[in-house]
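In what follows, a single structure is set out as structure tokens and then discussed.
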Amino acid sequence: MEDLGPLSREYGPDSEIDPVCIDPVWKQIAAILLSRIRAGWYQPGKPIPSVKQLHQEFGIAKGTAERAVNWLKEQGLVRSVVGRGVFVLPEHMRPKNE
């Protein structure tokens with residue numbers, strides 16, 4: 001799995017966006033969502049927050065939220081279901097090196 005590259009700090013499930021951080025905001029969001037999946041905040045088979053919800057929670061542009069969610073999709077951690085949302089994949093469906 002491709003990682004997020006070097007980040008300036010560790011991001012946990014309850015981290016907040018730091019607007020003056022050198023890490024791009026989409027990477028901060030992706031790192032937070034990844035940590036939430038790993039910590040079990042978002043269970044397999046259950047949806048992650050929508051782009052609109054992420055936009056509201058973090059006060060970010062919807063395009064920024066989409067970029068973070070798309071990174072999770074590219075990594076094989078979540079999958080979109082048209083008209084329903086983006087769902088966390090079960091462990092056996094994720095890449096082996098996650």
Side-chain angles (χ1 to χ4, degrees):
M1 172 193 309
E2 176 189 340
D3 66 14
L4 288 168
L7 296 173
S8 66
R9 66 183 185 95
E10 203 60 38
Y11 292 92
D14 55 357
S15 293
E16 295 182 9
I17 297 305
D18 181 354
V20 297
C21 180
I22 62 171
D23 299 328
V25 173
W26 78 265
K27 282 189 174 187
Q28 292 181 55
I29 298 292
I32 292 167
L33 294 174
L34 177 60
S35 68
R36 288 178 179 180
I37 290 170
R38 288 180 173 161
W41 285 30
Y42 306 138
Q43 295 292 312
K46 301 293 183 186
I48 65 171
S50 68
V51 166
K52 182 179 179 181
Q53 290 169 324
L54 293 170
H55 157 74
Q56 292 171 339
E57 177 183 353
F58 293 105
I60 57 172
K62 290 179 183 175
T64 302
E66 283 178 26
R67 187 165 181 191
V69 171
N70 284 337
W71 181 84
L72 293 173
K73 290 178 192 176
E74 291 167 6
Q75 304 314 304
L77 299 171
V78 298
R79 179 173 52 197
S80 291
V81 178
V82 178
R84 301 210 45 223
V86 178
F87 293 81
V88 177
L89 290 172
E91 293 279 338
H92 71 277
M93 295 178 72
R94 296 182 197 169
K96 298 295 181 215
N97 56 353
E98 196 276 306

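All values below come from the heavy atoms of this structure, side chains included, with hydrogens, waters and symmetry mates left out. For the single chain, residues carry numbers from 1 onward in sequence order. In this text the structure is predicted, and so the values were computed from the model without any measurement.
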d(I60 CD1, Q28 CD) to nearest 0.5 Å is 9.5 Å
Is there a donor-acceptor pair closer than 3.5 Å between any side-chain N or O of K27 and the backbone N or O of L4?
-> yes
Closest contact, heavy atoms only, A68 versus A30 = CB-N, 3.7 Å
When rounded to the nearest 0.5 angstrom, what distance separates CD1 in I29 from OG in S15?
-> 10.0 Å
Can you measure from OG (S50) to CD (E57) and round to the nearest 0.5 angstrom?
-> 10.5 Å
For E16, does the CD atom have more than 12 heavy-atom neighbours from other residues, nucleotides or ligands under 6.0 Å away?
-> no
Just do the side-chain contact (heavy atoms from CB on, under 4.5 Å) check on F58 and I32 with the steps written out, would you?
-> CA-CA 11 Å; F58 293 105; I32 292 167; 4.0 Å; yes
What distance separates M93 CE from L77 CG, expressed to the nearest 0.5 Å?
-> 12.0 Å
To the nearest 0.5 Å, how far apart are CG in D18 and CG in D23?
-> 8.5 Å
Given W71 and L33, is the side-chain contact (heavy atoms from CB on, under 4.5 Å) satisfied, shown in steps?
-> CA-CA 10 Å; W71 181 84; L33 294 174; over 6 Å; no
Please report the shortest heavy-atom distance between L7 and A31, naming the atom on each side.
-> CD1-CB, 4.0 Å
Flag side-chain contact, heavy atom, 4.5 Å: Q56 against P49 | no
Rounded distance (nearest 0.5 Å) linking atom CG of L34 with atom CG of L72 | 6.5 Å
Considering all heavy atoms of both residues, which atom of P44 and which atom of P90 are nearest to each other, and what is their separation?
-> CB-CA, 3.7 Å
Does the side chain of R94 reach to within under 4.5 Å of the side chain of V88, using non-hydrogen atoms?
-> yes
Look at the side chain of E66 and the backbone N and O of V51, then say whether any donor-acceptor pair between them is shorter than 3.5 Å.
-> no
Considering all heavy atoms of both residues, which atom of S35 and which atom of P13 are nearest to each other, and what is their separation?
-> OG-N, 3.1 Å
Dump the intermediate steps for side-chain contact (heavy atoms from CB on, under 4.5 Å) on D14 and W41, then the final yes or no.
-> CA-CA 10 Å; D14 55 357; W41 285 30; 4.1 Å; yes
Is it possible for you to say whether W26 and L54 belong to one hydrophobic cluster, with membership spreading through side-chain heavy-atom contacts below 4.5 Å?
-> yes
Can you tell me if R79 uses its side chain to pair, donor with acceptor, with the backbone of F87 under 3.5 Å?
-> no
